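Remember, it's a predicted structure, so these values are computed and weren't measured experimentally.
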Amino acid sequence: MHLSGPLSGRWTAYLGLISTLSVVFTPAVAVKEHDFKKCNQSGFCSRNRAFADHALSTNAWSSPYTVVPESGSFKDGQYQAVVLKTINDNGDTVRLPLTVSFLESGTARVTIDEEKRQKGEIELRHNSRARKERYNEAEKWVIVGGLTLDKEAKVDFEDKTQLTVKYGPTSNFEAVIKFAPFGIDFKRDGVSQIKFNDQGLLNVEHWRPKIEKPALENKDTPEGEQNQENKEEEKKEEEPKGEDESTWWDESFGTNTDSKPRGPESVGLDITFSGFEHVFGIPSHTGPLSLKTTRGGDGSYSEPYRLYNADVFEYILDSPMTLYGSIPFMQAHRKGSSVGVFWLNAAETWVDITKGKDSKNPLSLGIGSKTSTHTHWFSESGLLDVFVFLGPAPKDLTAKYGELTGTTTMPQEFAIGYHQCRWNYVSDEDVKDVDRKMDKFKMPYDVIWLDIEYTNDKKYFTWDEHSFKDPIGMGKQLESHGRQLVTIIDPHIKNTDNYPVVAELKSKDLAVKNKDGNIFEGWCWPGSSHWIDAFKPAAREWWATLFKYASFKGTMENTWIWNDMNEPSVFNGPETTMPKDNLHDGNWEHRDVHNLNGMTFHNATHHALKTRKPGELRRPFVLTRAFFAGSQRIGAMWTGDNTAEWGHLKESIPMILSQNIAGFPFSGADVGGFFGNPDKQLLTRWYQAGAFYPFFRAHAHIDARRREPYLMGEPYNTIIAAALRLRYSLLPSWYTAFHQSHVDGTPIVKPMYFTHPEEEAGFGIDNQFFVGNTGLLVKPVTEENKESQDIFIPDNEVYYDYFTYNVVASGKAGKTVTVDAPLEKLPLLMRGGHIFPRRDIPRRSSQLQKWDDYTLVLTIPKDGKHAEGELYVDDGDSYDFEKGQYINRKFVFDGAAKSITSVDKEGRDTKGIKEGEWLKKMNGVKVDKIIVVGAEEKEWKSRKEVKVVDGEGREWTAKVEFTPGDKVKGRAGFAIIRKVGARIGGDWRVEL
């Protein structure tokens, strides 16, 4: 959330002008354009773009980076050498240590450092306390595994010009390391996939002392013409071509000046995806899932994609502008191949994208040529550190990335239910009233949220004693209904007297420092504030003490946390964030760690919730706004302060899909839009879409009208309630999808290119998706007054309407079908060949579903031969699943054998598992019914009952109800096997 901070006279005047012109201009857009940098306002971005322009426009350009062959050595899967950067026409060079690591997983890692900084042989300006090295600790926060070197990797060829290494699980990957100029060609099965420095844009800004220029004698002469010749000569010696010294030593934006004590230090590299037209990832941005080019032209952006976590309220749509979180993981896909790169750098980063035709024959005029995507990455500081994934399938990329950075946390079950939030519920009685009314109107939900107004004067870990007189009583009412409470805790701590939290923050020296080493003071919600430095171990340990029930009085075991404003948002800071020359633990500059900052705070809160009470081993729930690679291990995220407009509803889908393919699938958008007042149609459609967000929360601004779902009146109340109940009936399938993602990094909601990587017509589609492995294909309505929906069908399988069982597609892949979508209907299809679990008894919360029986939905495939599905379930709360206390079933329909079976998905001998309390109780939970969609009349018409056999050999019968298909309406036949009675966690077989 966001409001402006204290208004200076300048800002008052500016906003007054904006208000006057509001009829003509959109204030939000105007403010965004001025509050945040464009590339030409960022020194290192401008320099790297200029460097690229110079290189690409010079016919004789040769990259000034070469490997010294004699310095190279290869041992145990790792190549080390020195790259020399030629810095002037005299041939002077800078030494850059190079390490290329080949990992057992088949991933490769390329790291370039700078020897002089590495050894501390540089001088800092302004008597700075900052570290001299390039930041080299991102790995500590981000990487959790997958770094074991591949000792089977072998040098396949070497001469004075290049070295070729073969690696990977089947040795079908190779890296051709070229020495002069330096570059690497990564191949799979002999075919180029990814190339480094193919365009010669590698740029490591080396340290150099500042040379003070003599003052110009003639101030009246433009540009100091009499000294221009000398100045140009100096620049030749000091600057690599294409660079501009004006932003080397300090840089201003607005009223803030960055002191830049280490001088210019950016790193840049061009990465070419050979033969790939589509690239995806690098969230978070608005715009299409398949990333646009960024160098101007029709349908393109003119700015690079920016990764610099910032408080961008009311963000604009279809833009490469930075948002709240950053994951520098990009994937490229074409028919037959998926590859990717992960740029491990936490500093401000920009990415340019261009595309071009490749042709081996210069006379072919593009005939038969392929499109390659050229990307240009540059970060302000730190190491050049890039991981390369060679696929070959999309799932291989997410799995290998997950091996490195971790997979999504296994959430508490309530966390994937519905969350009701606004800024703010005004009192504990207000909260209890909303809770009662959700029940009255039969609208299930799991969590209600409190924004900053619950505190005493914006002091976290306190309650407003007038409005929230009895937080324990409030929590107990929620608990009695199986519900949870989330309270907001932000990283800014109010700087005021008689507040123990800030007193301890200061006395224990746990806050972020300014460039002079004094505690940093900025402005946020409380006014004057200090920020916890969550990079510091002692700060994290102290933070944990604040959440103990005895410390944070009024909280209970059903209280959880929301971390907002953790980019960090600083209202009076440059670009609404911290100065880059602030100092963190170890004297690392904020510029080095900016994009990591939110994750460190999120991590500190996650750790705190795990230690609130001795012996309370429960999974925490912590929502974050700012994030980086690795944040998926900690909790959930949302897309920030959106607006109650149809465009924001539409944009939410590619944004969430981008999060999913980039390894952070526990994601959602504010249902209804944070700013503004949605009309009833928009709000209803948003609930239908939100029911298929992995994280499902409604939220509203303090100035927005109350819009709890029961306030809409009919027919909207009924339609919204149906969307909520649909989410709750499908919670078993959602939880199963979360578990699969937790195991191997698979997205929870999947775009077409991910599920159907050979269907080229689907690569650019980002407004529909599959849920887990269920075969459920959803395309929410995101346009006003639309009552039909065109759905792309990616294969030849049969598809059924979820609600009517009508056959909507059965035939040619790549075609589009139109389905009716009046306001009361969400376009939701079931692909043939799947079995997915539901719980069909309506309940008020997920906790109250815990011991309900299951329904299995079997969708008969087009050929009638095979269908399968899965169910994962555990206690939804503790870590006992890590001790084998879970159920993981695989369901298989065999058309030839005429059977439906359930076996342990992992092949475990479940009889040998010592059952805890939860597993024992699950023995009483059964399969209530099996719905067979697409049942053929000749097979099912005379079938009145079926035999059920359990794992102990016991047999009984279950009744069958069959409804034949209706050719006029297009409805498929279906059968319901009732009172199946088999244990959900046991082996069984239904003989048809």
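Phe547 has its ring centre no less than 6.0 Å from the ring centre of Trp560. Annotation: Tyr418 is in aromatic contact with Tyr687 [ring centroid separation under 6.0 Å]. Close placement of the Phe666 and Phe738 rings is indicated, their centers lying within 6.0 Å of each other. The six-membered or imidazole ring of Trp525 lies near that of Trp423, with a centre-to-centre distance under 6.0 Å. In this structure, Trp562 has its ring center under 6.0 Å from that of His699. Within the 6.0 Å centre-distance limit, the rings of His419 and Phe695 are counted as a close aromatic pair.
We find that Arg618 and Asp877 are joined by a salt bridge, their nearest charged nitrogen and carboxylate oxygen being less than 4.0 Å apart. With respect to the salt-bridge test (charged N to carboxylate O, under 4.0 angstrom), the residues Glu708 and Arg706 qualify. Ion pairing between a basic and an acidic side chain is recognised when a charged N comes within 4.0 Å of a carboxylate O; Asp875 and Lys850 show no such pairing. Ion pair Asp428/Lys432 not flagged as a salt bridge, since none of the NZ, NE, NH1 or NH2 atoms sits closer than 4.0 Å to an Asp/Glu carboxylate oxygen.
The aromatic rings of Tyr401 and Phe329 lie parallel to each other, with less than 30° between the two planes, well short of the 60° mark.
Atom CG of Asn767 is separated from atom CE of Met752 by 9.0 Å, given to the nearest 0.5 angstrom.
At least one cation-pi condition fails for Arg422 and Trp449: the charged atom is not both under 6.0 angstrom from the six-membered ring centre and inside a 45 degree cone around its axis.
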Inset, instruction - Would you check, one step at a time, whether the test side chain to side chain donor-acceptor pair (under 3.5 Å) holds for Thr718 with Glu714? - result: CA-CA 7 Å; Thr718 297; Glu714 294 299 344; 2.7 Å; yes
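For the pair Asn456/Trp463, no side-chain contact is recorded, criterion being any heavy-atom separation below 4.5 Å from C-beta on.
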